[in-house]
Amino acid sequence: MHGEYKVPGGKLVVADVDVVDGLLRSPRISGDFFLEPDEALEAINTALDGLPAGLEAREIAARVDAGLPPGTVMLGLSAEAVGITVRRAVARASDWHQHEWRLIHAGPQEPALHMALDQVLAEEVGAGRRPPTLRIWEWASPSIIIGSFQSLRNEVDAEAARRHGVTVVRRISGGGAMFVEPGNTITYSLYAPESLVAGMSFAESYAFLDDWVLGALGELGVKAWYQPLNDITSDQGKIGGAAQKRLASGAVLHHVTMSYDIDADKMLQVLRIGREKVSDKGITSAKKRVDPLRRQTGLPREEIIDRMIGHFRARHGLAADHLTDDETRLAEKYVTDKFDTEAWTARVP
């Protein structure tokens, strides 16, 4: 069994291992990481040999930690990364380069249609009718997108939203509310087979799926990292947030909204941002939570998007694609039947 894991912000870790009678046998860890002393690598392999194949990544990591020689130094590697890599090998996880990634970057679309397209494209990838896909969103109108489990009245000031012409929609993934305006937001979705994140917990997969965008931001001069569970942040402030949904069809939907620019005053009028949400980030003002990419890069939004796409293409491969007629029709049906209905938007009042 073979598994690979690119440590977010770190190095590639590879695990080759056999499973005999439910136990790990002949484990071989390798990669482009740095490790001292040399005998630490053999200590890792020895710690893995004979472990139950069904252990979780954190349990494997604990065994690895316990078996390391005193004074071991790991660079680009951690015991947790070894655990995840072994789990991916046992789960027969796929890797980015095993998939032929497609790009969809269409013109501006209304918020409810974006919600519907997320469900449709994830279902199509899960059914094997569409290759794994990266979709860049363009917004036709301002919107608040609330998480699948959020209370509508607790998150949104309905009167202020109407006054500012802001549409409220509910997505199928969990997480918090996002305020978006055309031209001020960079939003993308990944639709991938669940095999890509096999062996990972939800928390582990967030940073894994967005490591490419952290690399792209780095090339733009923005030092960004993941703030667990789902924030992309920098030393200047939060840049964006991610959300994820695993579908029964065997697909994972992972989407991210990043702020290129933001009308903070309007955001605070339409969103009910409570003190607890602000205080748990260690800050005192919601206005200071988000630091737009326009200020950090000085680049036009379109150039940032083009650079992001180029980074993904260079790293994982990416071919231009478009929505099929069937996908468009089904998404429009989902808008009518679900995403543009009061029953869905206010399902948690």
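Values below: all heavy atoms of this structure, side chains included; hydrogens, waters and symmetry mates excluded.
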Lys223: which residues meet the side chain to side chain donor-acceptor pair (under 3.5 Å) condition with it, sequence neighbours left out? none

May I have all residue pairs that pass ring-ring contact (aromatic ring centres under 6.0 Å, His included) and include part of residues 171-195, sequence neighbours excluded? Tyr188-Trp212

Partner of His311 by side chain to side chain donor-acceptor pair (under 3.5 Å), out of Arg307, Arg315, Arg313: Arg315

What's in the same ILVMFWY side-chain cluster as Leu12, cut-off under 4.5 Å, chained through other members? Val14

With a 4.0 Å cut-off on N to O distance, would you call Arg130 and Glu327 a salt bridge? yes

May I have all residue pairs that pass ring-ring contact (aromatic ring centres under 6.0 Å, His included) and include part of residues 110-162, sequence neighbours excluded? His114-Trp137, His114-Trp139, Trp137-Trp139

Going by the rule salt bridge (Lys or Arg N to Asp or Glu O under 4.0 Å), which residues pair with Glu80 if we only count those two or more places apart in sequence or in a different chain? none

Tell me, please, which residues at least two apart from Asp210 pass salt bridge (Lys or Arg N to Asp or Glu O under 4.0 Å). none

Does this structure show an ion pair linking Arg58 with Glu204, if we count only N-O contacts that are shorter than 4.0 Å? no

Suppose the criterion is ring-ring contact (aromatic ring centres under 6.0 Å, His included): which pairs have a residue in residues 324-349, not counting sequence neighbours? Phe339-Trp344

Would Asp118 and Arg171 pass as an ion pair if we require N to O under 4.0 Å? no

Please name all residues satisfying salt bridge (Lys or Arg N to Asp or Glu O under 4.0 Å) with Glu4, sequence neighbours left out, ordered by chain then number. none

Hits for salt bridge (Lys or Arg N to Asp or Glu O under 4.0 Å) against Arg162, two or more places apart or cross-chain, chain-then-number order -> none

Please go through Phe34's hydrophobic cluster and name the other residues, only I, L, V, M, F, W, Y counting, with side-chain heavy atoms under 4.5 Å joining them. Val73, Leu75

Members sharing Trp225's hydrophobic cluster, built from side-chain contacts under 4.5 Å between Ile, Leu, Val, Met, Phe, Trp and Tyr, are none

Once side-chain contact (heavy atoms from CB on, under 4.5 Å) is applied, do any residues pair with Ala314, and if so which ones, sequence neighbours excluded? none

